[in-house]
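This report concerns only the one structure given below.
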Amino acid sequence: MNILLWLIFIPLSTVAVLIFCKDRRQYRVTSAFGMGLQLLFSAYLVFRYTEERNAGNAEPMAFMYSYRWFDAFNISFMTGIDAISLSLVVLTSIVAFTGILVSWRMEKLPKEFFISLITLAMGVFGFFITIDLFTMFLFYELAVIPMYLLIGIWGSGRKEYSAMKLTLMLMGASALLLVGILGLYVYSSPDVNILSFSIYDIASADIPLEAQRFFFPLVFVGFGVLGALFPLHTWSPDGHSSAPTAVSMLHAGVLMKMGGYGCLRVAMFLLPEAAKEMAWFFIILTTISIVYGAFGAIVQKDLKYINAYSSVSHCGLVLFAMLMMNQTAVNGSVLQMISHGLMTALFFALIGMIYERTHTRDIRFMGGLMKIMPFLGVCYMIAGFASLGLPGLSGFVAEMNVFVGAFMHTDKFHRTATIIAVASIVITAVYILRVVGTLLLGPLRDGHEFETGDARWYERWANILLIASIAAIGIAPLWLSDALIRSIQPIIQKLQ
Amino acid sequence: MEQVLFYIFAGMILVFSVLTVTSRRILRAAVYLLFVLVAAAALFFLMQFEFLAAVQLTLYAGGIIVLIIFSVMLTSHVSEKLEPVKFGKAAFAFAASAAGAALTVYTLLSYPFPEVSAAEIDTSMKRIGSELLGYQANGYALPFEVISILLLAGMLGVIIIAKRSEK
Amino acid sequence: MINDTYSFTVAIPLIVFFSFLIIGLGFGRLKPMVSGIFGTMALLAVTALSYFTAYRYFFVDGMMNGSFQKFIAYDALWMSFTDSLQVRMGVLLDPISVMMLVVISTVSLMVHIYSLEYMKHEEGFSRYYSFLSLFTFSMMGLVLSSNIFQIYIFWELVGLSSYLLIGHYYERPSAVAASKKAFIVTRFADFGFLIGILMLSGITGTFDFLKITDPGGSALTQGSAVGFMGLSVMTWSLLLVFAGAAGKSAMFPLHIWLPDAMEGPTPVSALIHAATMVVAGVYLVARLFTVYVLAAPDALITIGYIGTFTSLFAAVIACTQFDIKRVLAFSTISQIGLMMGGLGVSGYTGQEGLGYTASMFHLFTHAMFKALLFLCAGAVIHAVHTNEMTGMGGLRKYMPVTNFAFLIGCLAIAGVPPLSGFFSKDEILTAALEKDKLLFAVQYAVAGLTAFYMFRLYYSIFWNSDRQYHSKPHESPFAMLFALIFLSAASIVSGFIPFSRLVTPDLKPFDSHIHWAVAIPAIAIAAAGILIATLMYRKESGLPAKTAAAFGGLYRAAYRKFYIDEIYIFITKNVIFRYISAPLAWFDRNVVDNAMNSIAALTNLTSSRIKGLQSGQLQQYAYVMVTGVIIVVLAALYFMNA
Amino acid sequence: MTLDQFLIMRHELLIIIAAVLIVIVELMNSDEHKERVIPFAVMVFLAVTVAGFLPIDTGILFGGMYRTDEITIMMKNALNIGVFIIFLQSAAWLKKHKGTFRSYGAFYFIMLASLTGMQYLISSGDFLMFFIGTELATIPIAALVAMEKARERSGEAGVKLILSAALSSGITLFGISLLYGSSGSIFFSDIARSFAADDLQILALLFVFAGIAFKISIVPFHLWTADVYEGAPVSVTSYLSVISKGAAVFILVFLLYKVFYTVPGIWMNVLYAVSVLTMTIGNLFAIRQQNLKRFLAFSSIAQAGFVLLGIICGTQLGFASVVYFLLIYVFSQLGAFGVVAAISNASGKENIDDYNGLYRTNPKMSLVMMLSLFSLAGIPPVAGFFAKFFLFIAAAREGYYILLLIAVANVTVSLYYYLLVVKAMFINESDDPIAKIENDFYTKAGLAVCTAGILAIGFFGTLFDYINSISYGVK
Amino acid sequence: MIEKIGIENLLILSALMFFIGVYGFLVRKNLITMLMSVELILNAVNINFVAFNRYFYPEKLQGHFFALFVIAVAATEVAVAIAIIISLYRKIRTIDVEKASEMKY
């Protein structure tokens, strides 16, 4: 069996085992075991990948695997990874594992919860390892749909509304995407008999500019919605705020990255001419996204909303960087995906833990939590610092790559956009410190209403795992960035 | 002579058709329909389809109309007059039908039909019988059999509907 | 130039970093005092190393062919943006970085020792020490940076540790607010700094200081083209870099965070907000001085003006404040303004570089005496439990050593010979006189004001009449006094260091002498300031109130710090919160989001509008069917056939 | 005529034999034991279904009136499977309505007769068989629709069905008569040969199309659908929505591809327009439904709109996608109807609101329902995703991007209402949820077959490849 | 006859009859009269079949047989329809088509 298929097989068998589990203990142990295994496996995959590269494998994708699926359409199930997808796979497995940990005490329908959660994760894994658009699309939708149930059943607040909105907007986006993908398929070869969904087949095809102009917006917007592209981001605040903790983590941490990844791997890579031509429009949108999300976050009162808007801003940066179309910026874009994935997962995990103890997410009703839950407080601060781009944590590395890359364009338009984007670091500082200041610091408020008790062991480990990853990237970014650059090069070459 | 007969029958068909769909007394409408059917049968005769004409008379005029009349008697009083049709509804329906008719007639008339064939037609019972049971080309054994299933199924259907259910 | 013999210097930041990690990750399980001692020991080692480095650099092998060399003592690739734009983690040794090593390690060590007593009874003692270590690490990293990006990285870390330390008393809302303000204001400045870095690296194609500041290199000649609004790209980028420096060094109008930062523990104020971090801006300008002076003199003179104005502005405010730490804070701002002013009037070669040398000199001496003053203030506050000078008086009887140390600090800052401040200030004034009379005049006035407000402070605390104290104030314990004494000594002697032989812009030593033509008037005005202060504050009198009344509006404005804070609050609270963010959030919820929802609503509406189609009437169904056929036929025959 | 030739007609013959056998068995049993007919019918029909898969010759019988080829047989097998599932699902209903039925045999016979009609319809080689097949498929079913005499709606539905069916067959017949007049034959092959695209012939073609469109419930010929589906007993509704629709789609493709292939421009344009209308209107109405049968009716109308996408292509792939879609549609729609039927039988509840909290009481049925709905909505990994995707690929290959955009927008809308049902079952809480339902073996088996189909079919690429290899395009 | 009477006459006759039937179907409120209109429609079709057969294609009897089967089917249809109508009548005591509209929207 191809090594990559394990990434799907492990979650799949976890789900299978879960179906036969009997009680809550078994559910969570099985899930944690499965996802833990997945985490170990992806670490092993990193090792194997490095080995492969060091051995001189210069193919764009390693561990290619192809299974002929539908002859009539020339559809194959193709997998392969490069550093970009591999790092996102690792990210996913970290977030999924921690997601299981923070859901340790899930009371309501635990079996269904874990099954849905792992199915979602499976969709994401599948998405990242496939290199044909058909399977990619399949996994994309597979990842989005469990979201509906996860938010609808286990969510809070206006969960039904949010779940429906989220699902419809994402599926609507995927509908656009579908048309785009089909267009790519049709233009993948001049010979109608060998049309192909394979990304590399399409990449070598010569798609006429008119067609690119039509399909690029479809694909880019299709993925962009998932990447919270302004003004189609509104599912994100509602969705995140209503979702249960683990789901917010997976969603903001991983699912939204699928958008960015898709924009890069599909929209930009396969439709380079149109990308170059239309970049200006999307640069404007993403620049707005960045600043808009940050400003939006300033006045929010609900912790999750703050974080959701912050995600809009940060994910805007991902797309923004990508559209700068040079190696540094794109590298920054990928780094930002990983970094944002980790830190937003950490944020949501912490918010969930705090909510569990204080029964509110409204920062106006909280204060001085550092006193009663120092561990969580410190973690929250670290997450905040990562988010506002403090050196030593991953956010900084990513942002700097983005800004340096973006600044390489010397014309006024790009410069202006970049400067506006850079300004977001200030606004980010404002809202992060506002939250930290009101929530954690200051005098303890209404302490008697809060359940005391700092993090439990599984919560500790979840946080530590995430923080360690964030710090690892922040302190020693070179190995990751080097590996990424090698994989980014083919994409950049198309865009030059 | 044939011309005259044709126009008489054609006129009958049209007039009674109109009466069928406009008469406010339902029983009369049924009788008008009978006239239409009979006139149609007459046209079949004129075109030398005696067998078909006979079937038309027995099955349609004899069977169906009787069925209809019975059901009319079952569901309404003989003296009952239907409410007049609402004008709007009638106008819309008329417009649609007239448009359809105009369209069809116009299209029909503009179509270059082939020359009328001079060949005599053989509608002898023998031919009809053998073709009805033939299973090669020009044989109608298959539809004949299938229609028997239809009749059987229809009959069963009518039975289960008409039967009173057990208490 | 790579010099492996200095590679041990990389240990200087690393030692403190590990000290931070060990204390910080000690998971609060370390006994507080263990953390403190451990941190202090680490610092001791670092100080020793720093002194050793300074000794070797300045007196053994730093000088070659008549000029000091820039050594790259350590170098590691950290991140590479492109093949040429690489961020390296390195150690750059040149006169100013070595000098800064000495300053930082000295003051930091003193503060560590001092805090062992001062913070003894506080909660979060371990946390305090770990953050002190973090700060020292960041500051060391900052000064040793071999490239501008590295500086930026540590710049941010310094900001972080400042944030953490200001907010040490995190349960106190004012401390939280102050720390937030400090971070955000400096962050705002860093925004400019970052853009500046990006532009500068864009022009020069490198981050590397050695390449950027090489006077013969190509980097300097790039970017002189007129870029935007009449200024060259280079000027713009350097002005933006200065914006970052101005933020950290609390130049007008970004100074507002510094007085508030006094919410932190007093030793922290001494370390960060007087001696080290706040001069990082000066250091940054000095670090890029070659570029400023050779490629963008406009920018440099701007710096001079801003610095000098700030120094006057802050000095005026300092005269009116009553919180002793605030007075010191404004005094710090004022002195840093002087340093900036000194840089602004400096040239590059030989004697022309006097401003630069003087500025660095002043930085050095100021670090000593301002740290001293703060620590003294800390001792006083420790003794009387208040910050307000109205709550103090007559303390000389209770705290003789502190009194003495404070007096030394005051004399030093007032520029009374032969204390250190005199020498450094004199050089700045000399340089200004040569370059720009206006700047000189202002700086001269500042010298007088400085003497006045410092002695106002001194007299209010130690003389004047006794107050009602809750408990009898007593002299500080030994650890604290040790720091005071050490720093007093440093304040006295450091003026005799021959700076012009060690720290010069072009790295070639030159001779400088005291210009009595400048020095005598300066001493005179300082004496005048002291005299006035003595008259007004030595004994309790109505004089201060009368004077205040005489100045009227000016006094009130100065007392309210010229309403700069109010303006900021207006901008943040009203403009950003009320007129940008809140409407934006509203817009998002009600316009953008509603647009999405209204698509759904529209669909539903359409759905209910057309429900009449499905009326349940068989004949209507038939009608639709028939017309449907007719329409389809018509369309097919007459519209599609073409 | 030899036995071999007869074997070509194996599907129809077996069904008729089965029908007769069932009636005989019923007659042999007394009234008290009439449930015994049910297992017998199921077994016999299972045998018939299985026999349908045995290798078989293809060819032409009765001088061209009857013809088969591989894809026709494929379709017949699909229909057989569908009816088999319906038999399973109707068992509970039959038992419950023991009083209504003097004889179960009649029910089975009518159902099977109608199925025979469908099979003759899709095997027809001339318009006569086409016509008789259609009528055989419809008229007896109308009787079944009106069968639940206790319910007024049942009668109303029956009336609506048979009268509008009569009108539509009248229109079709008129078209056929004109085709006959202009081409001189009622045989498809002859008509195809002499079809000259004159106005009259196009008019005739469209009249015929209207009749088939009525069966598929394409807008604007769809209006009867919802009322009839709602009024009819659930088993009959599922029959109408799956089997009769499937057969009609198939014969439509056949007619367009094999008979009227000379004028693709005309019917493609017409189909384009009605496809847009069908998808949109079906969806817009589905949104507002409360009754599940009605809801599924409109959803099935929208599905028909998607099917047209494949037909418009006029390619082999298009045809293959259509057949594949129909095959999967059989399982998905019957899965949904199976649950509706089971719940309706047990509790009489058919409204979406009644399903609130269903998952707590009947998790398995809720899951089946959810999977079926997801399959209808086209969500991976269930089979419906593949079906819909392939239709879209086929359309994209012919360059219908605008139509595709409309279609995908409709998919999104459709997802909304499918999710409403999912929401009711899984998310909404209810004070009075439907009590736990103990299903009999037949229902369980029926649902299991559907679920297996929904889950598995999509993954077997060979199946689609096989269908593709036996399909054909306009050329 | 075929020599004297043009086929157009028959075709127009049948077309008119067809649409009269359609009109009847659309306006008659009584279900049974609607059924009668259907009979008109079917008869119109039959006339078409027969006429075409007689005029153009007398060699084969396709039209004739078609008409024959149409009659047979029509008979079944009427039988079933009437059964349904009567069964509905039993429940709602009317055969007014506009009353049979409980299901809508």
Side-chain angles (χ1 to χ4, degrees), chain B residues 17 21 40 47 64 68 71 75 93 96-97 99-117 119 121 130-167, chain D residues 1 5 9 12 16 19 23 31 61-66 97-103 105-107 109-114 116-117 120 124 126 128-129 131-133 135-137 139-144 146-150 155 158 174 178 181-182 184 187 198-204 207:
Chain B
S17 294
V21 300
M47 284 186 276
I64 295 179
I68 286 178
S71 61
T75 55
S97 319
L103 178 68
T104 317
V105 170
Y106 175 76
T107 319
L108 272 173
L109 293 183
S110 61
Y111 182 73
F113 277 108
E115 281 298 301
V116 173
S117 167
I121 193 159
S130 66
E131 285 195 0
L132 206 51
L133 295 176
Y135 54 81
Q136 298 300 339
N138 291 330
Y140 293 86
L142 181 63
F144 190 74
E145 293 305 324
V146 176
I147 212 132
S148 66
I149 303 172
L150 173 59
L151 289 170
L152 185 53
M155 192 175 77
L156 279 170
V158 171
I159 290 171
I160 57 170
I161 292 176
K163 236 171 24 176
R164 290 209 176 272
S165 48
E166 293 170 19
K167 288 290 172 289
Chain D
M1 188 162 210
Q5 279 174 312
M9 236 164 69
E12 293 81 354
I16 294 166
V23 174
D31 264 10
L61 289 181
F62 298 102
M65 279 193 176
Y66 182 94
H97 290 264
K98 204 170 170 182
T100 321
F101 293 98
R102 196 61 64 67
S103 127
F107 170 79
F109 188 86
I110 291 174
M111 206 66 133
L112 290 180
S114 171
T116 328
Y120 276 121
S124 58
D126 70 341
L128 184 55
M129 283 310 295
F131 170 65
I132 294 174
E135 296 304 311
L136 177 52
I139 296 173
I141 285 299
L144 282 187
M147 196 180 64
E148 280 195 57
K149 290 190 283 271
F174 196 72
L178 294 179
S182 59
F187 283 89
D198 290 301
D199 283 2
L200 184 67
Q201 288 185 317
I202 288 166
L203 180 134
F207 272 42

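Just the heavy atoms: all of them, side chains too, but no hydrogens, waters or symmetry mates, feed the values below. Lettering of chains follows the sequences in order, A, B, ..., and the numbering in each one begins at 1. Being a predicted model, the structure only gives us computed values, none of them experimental.
Residues A141(B) and F62(D) share a closest heavy-atom pair of CB-CE2, 4.3 Å. In plain terms, the two heavy atoms of E135(D) and L150(B) that are nearest each other are O-CD1, 4.0 Å. Looking at every heavy atom in both residues, A153(B) comes nearest to P140(D) through CB-CG, 3.7 Å. Shortest non-hydrogen contact noted between A146(D) and I161(B) is CB-CD1, 4.2 Å.
Both the backbone and the side chain of L200(D) come within contact range of chain B, each with at least one heavy atom under 4.5 Å from a heavy atom of that chain. Only the side chain of L203(D) comes within contact range of chain B, with at least one heavy atom under 4.5 Å from a heavy atom of that chain. Contact annotation for I141(D): neither backbone nor side-chain heavy atoms come within less than 4.5 Å of a heavy atom of chain B. Of the atoms belonging to L178(D), it is side-chain heavy atoms, and not backbone ones, that fall under 4.5 Å from chain B. Proximity to chain B is limited to the side chain of F174(D), based on heavy atoms less than 4.5 angstrom apart. Residue contact with chain B, scored on non-hydrogen atoms closer than 4.5 Å, involves the side chain of Q201(D) exclusively.
Taking the side chain as every heavy atom from C-beta outward, I160(B) and L144(D) approach each other to under 4.5 Å.
Rounding to the nearest 0.5 Å gives a distance of 11.5 Å between CD1 of I149(B) and OG of S114(D). Atom CD1 of residue I132(D) and atom CZ of residue F144(B) lie 10.5 Å apart, to the nearest 0.5 angstrom. Taking CE of M9(D) as the start and CD of E145(B) as the end, the distance is 9.0 Å to the nearest 0.5 Å.
Interface check for chain D: of the options L142(B), L156(B), L151(B), L103(B), the most heavy-atom pairs under 4.5 Å are formed by L142(B).
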Next item on the list: Any chance you could lay out the side chain to side chain contact (heavy atoms under 4.5 Å, CB included) test for F109(D) and L152(B), step after step, and finish with the verdict?
Entry: CA-CA 9 Å; F109(D) 188 86; L152(B) 185 53; 3.3 Å; yes

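Counting non-hydrogen atoms of other residues, nucleotides and ligands closer than 6.0 Å to OH of Y106(B) gives a total of 12 or fewer.
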